[in-house]
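One structure is given here, and the rest of the page talks about it.
Counting convention: from 1, in listed order, for ligands and their atoms alike.
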Amino acid sequence: MSNKIHSSEITPESVYLNRRQIIKASGLIAGSALAPSTANAGFFGLFEDEPDVPEQAVYQPKPLNISKKVPNNLNEALTPESKVTTHNNFYEFGTNKGDPAHYAKAFNPEPWTIQVDGEVAKPQTFDMESLLKQHAIEERIYRLRCVEAWSMVIPWLGFSLADLLKRVEPTSKAKYVAFQTLYDPERMPGQASRGFGGGIPFPYVEGLTIAEAMHPLTLLSVGLYGKTLPAQNGAPIRLVVPWKYGFKSIKSIVKITLTEKEPPTTWQVLAPNEYGFYANVNPYVDHPRWSQASERRISDAFRAERIDTLMFNGYGDEVAHLYKGMDLRKFY
Ligand code: MTE
């Protein structure tokens with residue numbers, strides 16, 4: 001694994017290790033998986049069964065027809081594609097930043113369907129091929145700010161989640177939207193091994209309020225850098241909510257359910273004192289174990305530049321009204 005990018009090169013090691021310690025503290029990594037293994041080169045030797053991967057990728061991203069390029073007002077350099085696709089969080093394919101690019105090589109996201117149900121008048125299952133024809137694909141350049149205090153600027157391709165939700169006609173009882181990632185341990189090695197997958201509960205689940213889900217900035221992404229999504233970035237369809245910490249942007253979605261009650265979300269279930277349901281980017285509320293005041297902007301530079309973190313990741317003008325009357329110091 002000499003070509004792997006070690007998280008410690010990018011994220012301060014203390015932060016990275018701490019996030020792992022939470023998982024350990026919650027008792028979610030099986031004792032046996034923590035036993036050091038000399039038989040393979042897994043993450044710090046923590047897991048025993050390193051998955052097999054083919055030399056060649058099974059699936060290659062394809063060019064997408066882009067209907068509209070939303071002007072980039074950010075005035076910030078794009079994160080190089082080579083970084084966007086090799087520095088990932090996708091625990092279904094391992095916990096190290098370089099793992100998803102390596103272990104998702106065997107993951108073919110075609111064919112794919114996405115079921116939309118719950119508090120809707122017209123529940124439907126959509127297939128990806130049709131979705132790509134039915135929805136005009138826009139390019140939107142958004143910042144992505146991970147809760148681990150690193151960030152990128154990514155040219156996403158996709159369409160507003162609202163456009164899909166309108167097609168199923170939400171009822172008046174729909175107050176929240178729950179999302180679910182594919183559960184397929186045979187194709188997602190992190191789901192098959194508690195050590196390799198960090199011991200988080202699978203399938204990965206996330207949620208938004210209906211107002212957040214219907215907000216025009218909330219994107220269902222089907223691609224980046226002009227092509228369909230690489231497997232490691234959440235192929236074939238993922239959420240991108242630019243004003244929230246990256247863990248809200250759930251990958252490889254198979255199910256969307258509109259609900260009356262707030263749905264459980266993976267990181268909140270795992271560590272409710274550290275990860276909230278709202279998880280809006282907020283430089284004034286530190287993570288209990290590290291500061292959120294600044295972030296490392298990932299680039300080709302040997303040392304990533306440290307920049308100030310912006311309230312709502314810089315999207316406050318568009319989204320602050322959603323949280324009127326809420327105590328911004330509390331909803332981490
Ligand atoms: N979705 C799933 N299913 N599994 C994951 O582990 N990680 C989240 C989010 N979506 C994750 C996920 C986190 S913590 C981040 S920061 C972003 O994906 C990272 O997206 P990227 O790898 O495309 O940069």
- Query: Which one of R145, E92, K83 has a non-hydrogen atom at the shortest distance from atom 3 (N) of ligand 1?
  - Reply: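 Of the listed residues, E92 has the closest heavy atom.
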What are the atoms of ligand 1, with element, lying closer than 4.0 Å to any heavy atom of [X]?
X: L144; value: 24 (O)
X: C146; value: 16 (S)
X: N88; value: 21 (P), 22 (O), 23 (O)
X: T181; value: 3 (N)

Between [X] and [Y], a side-chain donor and acceptor under 3.5 Å:
X: N88; Y: K97; result: no
X: Y59; Y: T228; result: yes
X: R143; Y: T309; result: no

- Query: Can you name the side-chain contact (heavy atoms from CB on, under 4.5 Å) partners of T113, sequence neighbours left out?
  - Reply: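 Result, side-chain contact (heavy atoms from CB on, under 4.5 Å) vs T113: T125, D127.
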- Task: For E129, look at atom CD and say whether over 12 heavy atoms of other residues, nucleotides or ligands are found less than 6.0 Å away.
- Result: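 Not more than 12 within 6.0 Å, no.
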- Relative to ligand 1, is Y204 under 4.0 angstrom through side chain, backbone, both or neither, heavy atoms considered?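 Contact part for Y204 vs ligand 1: side chain (C-beta onward).
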- Residue part near ligand 1, for N89, under 4.0 Å between non-hydrogen atoms: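 It is both parts that get close, each with some atom under 4.0 Å.
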Below the 3.5 angstrom mark, is there an N/O of [X], backbone or side chain, next to an N/O of ligand 1?
X: W150; value: no
X: K251; value: yes
X: N233; value: yes

- Query: Does NZ or CZ of K248 fall inside the cone over Y278's six-membered ring, less than 6.0 Å from its centre and within 45° of the axis?
  - Reply: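 The answer is no, since K248 fails at least one limit relative to Y278.
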- Message: Using heavy atoms and a 4.0 Å limit, tell me yes or no: is R238 in contact with ligand 1?
- Response: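 For ligand 1, residue contact (heavy atoms, under 4.0 Å) with R238 is present.
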- Does S249 have a heavy atom less than 4.0 Å from any atom of ligand 1?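 Right, S249 reaches ligand 1.
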- Message: Using the rule that Ile, Leu, Val, Met, Phe, Trp and Tyr join whenever any side-chain heavy atoms are under 4.5 Å apart, tell me whether L220 and Y176 fall into a single cluster.
- Response: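 Yes: a chain of side-chain contacts under 4.5 Å links L220 to Y176.
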- What orientation do F159 and H135 show, parallel under 30°, tilted 30 to 60°, or perpendicular over 60°?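 The rings of F159 and H135 lie parallel, inter-plane angle below 30°.
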